[in-house]
Structures are given as structure tokens and as C-alpha cells.
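Only heavy atoms go into these numbers, but all of them, side chains included; no hydrogens, no water, no symmetry mates. The structure presented is a predicted model; accordingly, all values stated were derived computationally and were not measured.
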Amino acid sequence: ELTHGAANVSVNPSGVVGISWLQRKIASIQQDSREGEQVAWNFNETYDLFFTASLDGGDTYLAPVRITSRSSKPLSKHASRFWPGADYMLSSAASDGTFHLLWPDARTGIFQLYACTVRVE
């Protein structure tokens, strides 16, 4: 199952609209209940950051591009209680027209902040 969320929108000085978002892939998990509490045994969620841009003020968008080179895979099932670190996800357009993205990434198993610059040509 794929879900999308935690999106950011920014507009550069030329009017190019940039949108970045996290895409979450959830694999099926086996659940069991213990004393009325559900326990997830096979935690399996991954996250990737994507980006797209519109050159015409939002009427149409370029094909989405995956920004992350490796998927995030948190080690703990507790990381999935809400969008992973969404409050640490930012997007900004610079005066030179580039977009600067910041996102939580758990490719090593633990969340760390990653950043990159995107140029739309």
C-alpha cells in the first residue's frame, strides 16, 4: 500500500511551483494481541522523498522525481505512529531559482536530517 503526505510547497522568483512530499510504502504486517493490546511483529514501512514542479503556475506538473537514493526504513515500529518527522520537513525557494529541501531520513535505521538542492530546468 502506498500513501502520500507531509507535503511542502514553495514558489521561486520566476513563478515555478515546487512540491516535495514523503511517500510511504506499507507492507502487510502480522499482528497478535496480548492482554487486549495489539502488537505488530513484522514492522515493514519505508519512506522516500519525491519532488515535482510546475512551470505554468500549477496548471500542469512535471513527472515526479524520487529525491532519496535509498529508502528510509526506521528500526522501530513506534516511528509509524505519525508521519515520520514531518515537522522537520521543509522546502524553500532561493533567489537563484533553486529549491532547497530538508527531510527526515532513516536509511540507516535512525532518523537524521538530510538536505539537497533542486534546480528545475
Discussion item. Assess the residue pair Val16 and Phe99 against the criterion (side chain to side chain contact (heavy atoms under 4.5 Å, CB included)); give the C-alpha distance rounded to whole Å, side-chain angles, the decisive distance to 0.1 Å, and a yes or no.
Written reply: CA-CA 10 Å; Val16 176; Phe99 293 90; 4.0 Å; yes
Worksheet item: Are the side chains of Arg119 and Asp96 in touch, meaning some heavy atoms are under 4.5 Å apart?
Response: yes
Discussion item. Is the ring pair Phe50/Trp21 parallel, tilted or perpendicular, if the boundaries are 30 and 60 degrees?
Written reply: parallel
Item to complete: Please report the shortest heavy-atom distance between Pro13 and Ala94, naming the atom on each side.
Response: CD-O, 3.3 Å
Worksheet item: How far does CG of Asn8 sit from CD1 of Ile19, to the nearest 0.5 angstrom?
Response: 10.0 Å
Practice prompt. Decide side chain to side chain contact (heavy atoms under 4.5 Å, CB included) for Tyr114 and Thr68; before the verdict, give the C-alpha distance in whole Å, the side-chain angles of both, and the deciding distance to 0.1 Å.
Written response: CA-CA 9 Å; Tyr114 279 66; Thr68 48; over 6 Å; no
Discussion item. Minimum heavy-atom separation for Leu102 and Ala115, please, with both atom names.
Written reply: CD1-CB, 4.1 Å
Worksheet, complete the sentence: Taken in chain and number order and not counting sequence neighbours, the residues that satisfy salt bridge (charged side-chain N to carboxylate O under 4.0 Å, His left out) with Arg70 are none
Item to complete: For a side-chain hydrogen bond (donor to acceptor under 3.5 Å, both in side chains) with Asp48, tell me which candidate from Gln23, Lys25, Arg66 qualifies.
Response: Arg66
Practice prompt. Kindly compute the distance separating CZ (Arg107) from OG1 (Thr46), expressed to the nearest 0.5 Å.
Written response: 12.5 Å
Worksheet item: For Val11, what residues pass the side chain to side chain contact (heavy atoms under 4.5 Å, CB included) criterion, not counting sequence neighbours?
Response: Val17
Worksheet entry | Backbone N/O of Leu62 and side chain of Thr52: donor-acceptor pair under 3.5 Å | yes
Worksheet item: Of all residues at least two apart in sequence or in a different chain, which pass the side chain to side chain contact (heavy atoms under 4.5 Å, CB included) check with Ser72?
Response: Tyr47, Asp105, Ala106
Fill in: From Leu101 atom CG to Ser10 atom OG, the distance as rounded to the nearest 0.5 Å
7.5 Å
Fill in: Residue pair Ser20 / Met89, side-chain heavy-atom distance below 4.5 Å
yes
Worksheet item: Can you find a pair of side-chain heavy atoms, one from Val120 and one from Phe51, that are under 4.5 Å apart?
Response: yes
Discussion item. Thr98 vs Val118, test: side chain to side chain contact (heavy atoms under 4.5 Å, CB included). Steps then yes/no.
Written reply: CA-CA 6 Å; Thr98 59; Val118 176; over 6 Å; no
